[in-house]
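For reference, the structure is listed below as structure tokens.
Letters A, B, ... mirror the listed sequences (proteins, then strands); counts begin at 1.
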Amino acid sequence: MNAPLARRSWFEATARARIKGLLDAGSFAEILPPAAAEPSPHLAQLDLPGAFDDGVVIGCGRLAEKAVFVAAQEGQFMGGAVGEIHGAKIVGLLRRAVEEKPAAVLLLIDSGGVRLHEANAGLIAISEIMRAVLDARAAGVPVVALVGGSCGAFGGMGIVAKLCSAILISEEGRLALSGPEVIETVMGVEEFDSKDRALVWRITGGKHRYLMGDCAMLVDDDLAAFRAGAVAYLGEHSEPPPSLAELRASQRRLENRLAAYGQLRDGLEVWAALGVADPQSVPLLERDELVALKEGLPT
Amino acid sequence: METLDFRFDSKPAGSAAAPALCGVVGSGNLEILIRTGDDPAACRLSIKTSARGFADTWRAVLGDFAATHAAGGTTIAINDMGATPAVVTLRLAQALAEYRGGQL
């Protein structure tokens, strides 16, 4: 794991390469492959070239012998943003999961959120994905988000990620609602300097999200590490039935968290409040060291 | 966006089992989809590109590809976001190799 040359970066890989590295070799069967799919009609109306798969690859395959469904967003195409066809493909996959009950649906999220070019169609697509994720989980099918691409999981796809059974994230991954540029544009640079990359990662990055308990697992930026993480997670997870008591408990945890950390301005301050003795060292820690640090924190 | 269509004579590529896709529609990149066409002695290409006014460059690059590769009997669709001629040439060769069953 420590030989950098042997790693194949998840961050750098395309959506198709991520699926290939994640699933059992040769097991992936694409639904609506590029030759059968339609590019976005909205982009064509705006005189923009589309992508044959509209920026998302969906299909069925096997992960450590278990049948799984996969949707992988292509961050290089329009920032992985969700348009009408893109969203419909993900929704269709999740609805099929309700009927066929695979061991899990894996969402390989790499997206800034709604594709603004498609306006309402994109917004509706996001809300349909949210509902479909919850329907799949209610039917007993775990939905797992894997976040480690260059676009992270923002906007509507940030919400979708948090609706999943769990999130697996790498240090390079980011997770939030409004992106740093949006916050800076609306609230000013004093509120959030989106050019300060280190600050952006201290607030939205994988290590911070893992320390806060937003993500179930922190994995290395490596195709094999994401695969091993997903196999390990599915090995011990069974989807619980939806429960009002658990939702109320979750709401209380969020209220407590807001009360405890809501006034803090930077990941460094949050980590100190969490009980990390040397917050400055966190950005430099290796994945294994950070996991050990989190396990040693007071709960 | 500009839509361009070309047809070039080319040696038969032979038949392939499945269409092949190569590349991503990202800045400075393009995606190429190769399918079996109906004329075994010709390669047909249709391009959608975000960069207007480069029809002559496309004709030169694609004509060179059809002359130096056996690409007859294929229909090639391209979505482009401003790829340079060198990237186009590389991706075409890559896509054709994949179409004929070679792994890249």
Side-chain angles (χ1 to χ4, degrees), chain A residues 8 10-21 25-26 28-59 72-81 83 85-86 89 108 110-112 115 117 149-151, chain B residues 1-5 13 15-38 44-55 58 73-84 87-88 90-92 94-101 103-104:
Chain A
R8 291 177 55 220
W10 181 277
F11 187 87
E12 300 283 346
T14 62
R16 289 172 190 279
R18 285 176 190 152
I19 290 178
K20 203 170 168 192
F28 182 65
E30 185 170 357
I31 299 169
L32 285 176
E38 300 264 335
S40 162
H42 304 281
L43 294 178
Q45 275 180 356
L46 293 169
D47 219 20
L48 292 166
F52 296 115
D53 55 20
D54 205 32
V56 66
V57 183
I58 59 168
Q73 297 179 304
E74 178 52 69
Q76 291 180 59
F77 176 64
M78 311 220 109
I85 291 180
H86 182 121
K89 287 173 75 175
L108 283 52
D110 191 356
S111 176
R115 189 182 296 166
H117 312 69
S150 59
C151 300
Chain B
M1 184 170 70
E2 191 165 344
T3 304
L4 304 165
D5 289 289
S15 60
L21 179 81
C22 195
V24 174
V25 193
S27 181
N29 203 345
L30 77 170
E31 71 174 348
I32 298 178
L33 178 65
I34 304 193
R35 280 178 278 197
T36 304
D38 38 22
R44 287 182 183 280
L45 302 114
S46 73
I47 293 107
K48 291 186 195 313
T49 174
S50 58
R52 293 168 170 276
F54 288 90
W58 280 103
T74 61
T75 298
I76 300 180
I78 294 177
N79 292 320
D80 171 60
M81 286 275 239
T84 60
V87 172
V88 176
L90 177 79
R91 286 269 179 256
L92 279 167
Q94 202 181 351
L96 186 65
E98 223 160 280
Y99 175 73
R100 288 151 134 187
Q103 289 293 312
L104 272 174

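Annotation: B:Asp38, atom CG; neighbour count of heavy atoms from other residues, nucleotides and ligands within 6.0 Å does not exceed 12. By the neighbour-count criterion of 12 heavy atoms within 6.0 Å, atom CZ of B:Phe54 is sparsely surrounded, having that number or fewer from other residues, nucleotides or ligands.
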Between A:Lys20 and A:Phe28, does a side-chain contact (heavy atoms from CB on, under 4.5 Å) hold up when you go through it step by step? CA-CA 8 Å; A:Lys20 203 170 168 192; A:Phe28 182 65; over 6 Å; no

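Only the backbone of B:Asp80 comes within contact range of chain A, with at least one heavy atom under 4.5 Å from a heavy atom of that chain. Proximity to chain A (any heavy atom under 4.5 Å) is shown, for B:Ala77, by both the backbone and the side chain. When heavy atoms are compared at a cutoff of 4.5 Å, B:Leu33 approaches chain A by way of both its backbone and its side chain. Within the 4.5 angstrom heavy-atom criterion, only backbone atoms of B:Thr49 (N, CA, C, O) approach chain A.
Look at A:Arg16 and A:Asp53 and you find a salt bridge, because one of the NZ, NE, NH1 or NH2 atoms lies within 4.0 Å of a carboxylate O, short of that distance. Ion pairing of B:Arg52 with A:Asp47 is present here, as a side-chain N (NZ or NE/NH1/NH2) and a carboxylate O approach within less than 4.0 Å.
Atom CZ in A:Phe52 sits 11.5 Å away from atom CD in A:Glu38 (nearest 0.5 Å). Separation of atoms CD1 (B:Ile47) and CD1 (B:Ile76) is listed at 9.0 Å; rounding is to 0.5 Å. To the nearest 0.5 angstrom, B:Glu98 atom CD is 10.0 Å from B:Arg91 atom CZ.
Within residues 73-81 of chain A, the residues having any heavy atom less than 4.5 Å from a heavy atom of chain B are, in residue-number order, A:Glu74, A:Gln76, A:Phe77.
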